[in-house]
**Q** 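Here it is: the structure, laid out below.
In this text the structure is predicted, and so the values were computed from the model without any measurement. Quick note on labels: first sequence line is chain A, next is B, and so on, each numbered from 1.
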Amino acid sequence: MNYPIETRRHSAAHLMAAAVHRLFPEAKFGVGPAVENGFYYDIDIGRAVTPDDLKAIDKEMKKIVRENPAFVRGELSIDEAIKLFTELGQTYKIELLNDLKTKGTTKVSAEEAQDIDPQNVGSVSMYRTGEFADLCRGPHVTEAKDVGVWKLWKVAGAYWRGKDTNPQMQRIYGLCFATKDELAAYEKMLEEAEKRDHRKLGAELDLFTFSPLVGSGLPMFTPRGVILRQLLTDFVWELMQPYGYERVWIPHIAKSDLYKTSGHWDKFEDDLFHVSSKKTDEAFVLKPMNCPHHTQIFASRPRSYRDMPFRFSEVTTVYRDENTGQLQGLSRVRSITQDDAHVFCRPDQVRDEALAMYKIIDGFYKGFNMPLKARLSVRDPDHPEKYLGGDEVWSNAEQALANLLKEVGMPYEVGEGEAAFYGPKIDLMAHDSIGRTWQLATIQLDFNLPERFELEYTAEDGTKRRPVMLHRAILGSVERFLGILIEHYAGAFPLWLAPVQIAILPVADRHNDFAFALAKELREAGFRVEVDDSTESVGKKIRNAEKMKLPRMLVVGDKEMEGGELTVRVRGEADQKTQSKEAFIKEGLETVRARAA
RNA sequence: GCCAGCGUAGCUCAGCCGGUCAGAGCAGCUGUUUUGUAAACAGCAGGUCGUCGGUUCGAAUCCGACCGCUGGCUCCA
């Protein structure tokens, strides 16, 4: 039988629950949906699940598959179900059923909704697998042996119904695919992703480092890493040129009053780094974002409608006191460098400004062969209290962004509840070379900060008007983008980005002078060059250059000194070629200019 | 912040049911070699076994706290 993979995965979750039920009769069950690549089930056995438990559960699952019970569907009223689960002591299920009964939904998160059909209020469906019965809307495979190939993967703590005030359950993750080959292929992909891990490559390629003395989540960039940072932000700056952006500069701390005015204080006080002064009683914070500062530059003098828009851009670092448990390599840090820009414009200029932003983003990601998808992030209609500003303002803003996406012909999905608290936004998701998607660039509309800071400009008729503010980031965060880029290229950066572009490898000591002279010449031509004058063999020098993923290698020995031609080796290729110096330089410069490999 | 796992030289790892347990390879340094396409040879040096405390006659090994890392959860302006 050819089941949809979700059906197999969800059935595998039940199968696992059935096994857990046998091994731990007291176990209480939460929810167990199918997810990307597999499934999980949240359980509570009164203690942590150990790796040994996982093995035992896996063994029991195999045993059940040999017994091959059918997945049997039944239906009963909510009250009957509550009675049944009360007898079974399944307190979590009872909570879900009570919610269903009183609120007509169990929905707290999208995942949980999978377990119960909110449309089918009044009665609920059950599935029985052998002696294990579970609340479930299905569908399921008919027999246990149809679940496919699984592998119990890992255990993690997970708050019941995703709320950190609720007790934590044990979430057991499993991979599940229809065939062995698919599972193997996925595991291979995981392995590949691990090899590309930017934390590993960052150390190996000497791009950035952490120190326990400096603190977690506070990366430091080495000379090679800074070359990458600089090239990336220069690229953005270059793309911004046609659109009239200007650079500004702001200090990295500000009085807390700034954020009390902006509204950030109320929302993020606990996530700010607080700075106190012994000289004054005033409280300061390390800036967690740049927009409030930028509003003060706008507000620093009277503005005329004639001069609008003002486009302030800055690559600058913000600081956020993230929960330590969620810091991760360059992906989640406490010092975040943003390629930030804020545009203050008239309402009639929003479209053009947002369009310009879109074009910059589009050009940037094309440069890395990362296809984009858009998401229009709007309010969560169920929680209007989470947002600043009036309903009409929001509706207009959401509409303006939707129109823009339609205009540029960008397909998009709508992300309800994904908006920032001050306005809707367009988030752009980039695909990397191994098929993952990342939310990176963003264009955000903001009708609220101008209001809070009482920003204004003088209109044609002499009246004071409120400008509209747009926030945008192209890379998102330089650190996070760099982490993604390292994994995208597996550390083998294209020539234009490589921190060291050319390695010159002298065959013997007597070729060193020639090598250094050549290096000087190539540097003057604009390349980043390194000479390996160690006393190692040529083979070893090549090996080292390959390990550092240097795009070009020039082996120089007697032949090159006498003949005048260069011997060129390209990263990852076994063959070499002979080329004149002029041709090598010309070709290299063209490749760099084209931002190609 | 919460749950779990982990922490031995710069890196990768061995040792870990308490008693020659401080080891290996790579990297580093010093010699020799002067090398022609992915690892020359030899020697030397390097760790208070994350930190602090506890149990014990004795702790890298057991326990606790803290720091850090990893995977999740929560959060994400």
**Q** How far apart are the C-alpha atoms of A:Phe421 and A:Tyr387, what are their side-chain angles, what is the distance that settles it, and do they pass the ring pair (Phe, Tyr, Trp, His ring centres under 6.0 Å) test?
**A** CA-CA 4 Å; A:Phe421 73 91; A:Tyr387 306 93; 8.5 Å; no
**Q** Of all of residues 197-209 of chain A, which get a heavy atom below 4.0 angstrom from RNA chain B, listed by number?
**A** A:Arg199
**Q** Tell me the partner of B:rC2, counting only Watson-Crick (N1-N3 plus N6-O4 or O6-N4) or G-U wobble (N1-O2 and O6-N3) with both under 3.5 Å; none if nothing fits.
**A**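 Because both required distances fall under 3.5 Å, B:rC2 counts as paired with B:rG72.
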**Q** What N/O pairs connect the protein and nucleotides 24-31 of chain B at under 3.5 Å? Give each pair on its own line.
**A**
| from | atom 1 | to | atom 2 | distance (Å) |
| --- | --- | --- | --- | --- |
| B:rA27 | OP1 | A:Lys540 | NZ | 2.7 |

**Q** Looking only at atom P, what distance separates B:rG46 and B:rC2, rounded to whole Å?
**A**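 About 41 Å, rounded to a whole number of Å.
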**Q** Nearest-Å distance, CD (A:Gln328) to P (B:rC73)?
**A** 11 Å
**Q** Sticking with atom C1', work out how far B:rC52 lies from B:rC41, rounded to a whole angstrom.
**A**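 Taking atom C1' in both B:rC52 and B:rC41, they lie 46 Å apart.
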**Q** Measure the distance from CE on A:Met548 to C1' on B:rA38 and round it to the nearest whole Å.
**A** 15 Å
**Q** Base, sugar-phosphate or nothing for A:Thr567? Non-hydrogen atoms, less than 4.0 Å.
**A** base
**Q** For A:Lys541, report the nucleic acid contact type (base, sugar-phosphate, nothing); a contact means any heavy atom under 4.0 Å.
**A** nothing
**Q** All N/O contacts under 3.5 Å from nucleotides 10-14 of chain B to the protein, with atom names and distances to one decimal?
**A**
none

**Q** Rounded to the nearest angstrom, tell me the gap between atom CG in A:Asp164 and atom P in B:rU74.
**A** 9 Å
**Q** For a salt bridge (Lys or Arg N to Asp or Glu O under 4.0 Å) check, start with the C-alpha distance between A:Arg375 and A:Asp427, then their side-chain angles and the critical distance, and finish with the verdict.
**A** CA-CA 5 Å; A:Arg375 181 179 64 201; A:Asp427 289 316; 3.3 Å; yes
**Q** Pick the P atom in B:rC63 and in B:rG18, then give their distance to the nearest Å.
**A** 12 Å
**Q** For the residue pair A:Phe312 and A:Phe310, categorise the inter-ring angle as parallel (less than 30°), tilted (30 to 60°) or perpendicular (more than 60°).
**A**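 Taking A:Phe310 first and then A:Phe312, their aromatic rings sit tilted (interplane angle of 30° to 60°).
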**Q** Tell me: NE2 of A:His264 to P of B:rC76, nearest whole Å?
**A**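 Result: 13 Å.
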**Q** Could you tell me the separation between the CG atom of A:Leu218 and the C1' atom of B:rC67, rounded to a whole number of Å?
**A**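 That distance rounds to 14 Å.
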**Q** Return the polar atom pairs (N/O with N/O) between nucleotides 63-66 of chain B and the protein under 3.5 Å, or none.
**A**
none

**Q** I'd like to know if A:Arg332 reaches the base of B:rC75 with its side chain such that a donor and an acceptor end up less than 3.5 angstrom apart.
**A** yes
**Q** Can you measure A:Leu213 atom CG to B:rC69 atom P for me and round it to whole angstrom units?
**A**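 My rounded result for the distance is 12 Å.
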**Q** Determine the Euclidean distance between corresponding C1' atoms of B:rG50 and B:rC3; express it in Å to zero decimal places.
**A** 22 Å
**Q** Using the C1' atom as the reference point in each nucleotide, state the distance between B:rA45 and B:rG23 in Å, no decimals.
**A** 15 Å
**Q** Atom CG of A:Asn323 to atom P of B:rC75: distance rounded to whole Å?
**A** 11 Å
**Q** Does the ring centre of A:Tyr40 sit less than 6.0 Å away from the ring centre of A:Tyr173?
**A**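 Yes; A:Tyr40 has its ring centre under 6.0 Å from that of A:Tyr173.
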**Q** Quick one: what's the B/S/- string for nucleotides 43-49 of chain B, heavy-atom cutoff under 4.0 Å, read 5' to 3'?
**A** -------
**Q** Applying the 5.5 Å / 30° rule, does A:Tyr422 stack onto the base of B:rA77?
**A** no
**Q** Take the protein atom CG of A:Asp270 and the nucleotide atom C1' of B:rU74, then report the distance between them rounded to whole Å.
**A**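 Roughly 14 Å, once rounded to whole Å.
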**Q** Do you know which two heavy atoms are closest between A:Asp42 and A:Ala158, and how far apart they sit?
**A**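 Nearest pair, atom of A:Asp42 first, then A:Ala158: OD1-CB, 4.1 Å.
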**Q** Is the side chain of A:Asn323 donor-acceptor paired with the backbone N or O of A:Gly325 at a distance under 3.5 Å, no angle test?
**A** no
**Q** I'd like the P distance from B:rA14 over to B:rA4, given in whole Å.
**A**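 It comes out at 24 Å once rounded to the nearest Å.
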**Q** So what does A:Glu560 touch, heavy atoms closer than 4.0 Å: a base, only the sugar-phosphate, or nothing?
**A**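 Touches a base.
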**Q** Would a line drawn from the ring center of A:His294 to the ring center of A:Phe344 be shorter than 6.0 Å?
**A** no
**Q** With rounding to the closest Å, how many angstrom separate the C1' atoms on B:rU61 and B:rC16?
**A** 4 Å
**Q** Taking all atoms of both residues into account, what is the closest heavy-atom pair of A:Met61 and A:Ala12, and its distance?
**A**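 Closest approach of A:Met61 to A:Ala12: CE-O, 4.0 Å.
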**Q** Given B:rA39, B:rG36, B:rA77, which nucleotide is nearest the side-chain atoms of A:Ser537?
**A**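 Out of B:rA39, B:rG36, B:rA77, the nucleotide with an atom closest to A:Ser537's side chain is B:rA39.
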**Q** Might you list the N or O atoms of the protein lying below 3.5 Å from N or O atoms in nucleotides 2-8 of chain B, with each pair's distance?
**A**
| from | atom 1 | to | atom 2 | distance (Å) |
| --- | --- | --- | --- | --- |
| B:rC2 | O4' | A:Tyr159 | OH | 3.3 |
| B:rC2 | O2' | A:Gln168 | OE1 | 2.5 |
| B:rC2 | O2 | A:Gln168 | NE2 | 2.8 |
| B:rC3 | O4' | A:Gln168 | OE1 | 2.4 |
| B:rC3 | O2' | A:Gln170 | NE2 | 3.3 |
| B:rC3 | O2 | A:Gly157 | N | 3.3 |

**Q** Does A:Arg510 contact B:rU34 through a side-chain donor or acceptor facing the base, at a distance under 3.5 Å?
**A** no
**Q** Using atom C1' of each nucleotide, how far apart are B:rC57 and B:rC69 to the nearest Å?
**A** 36 Å
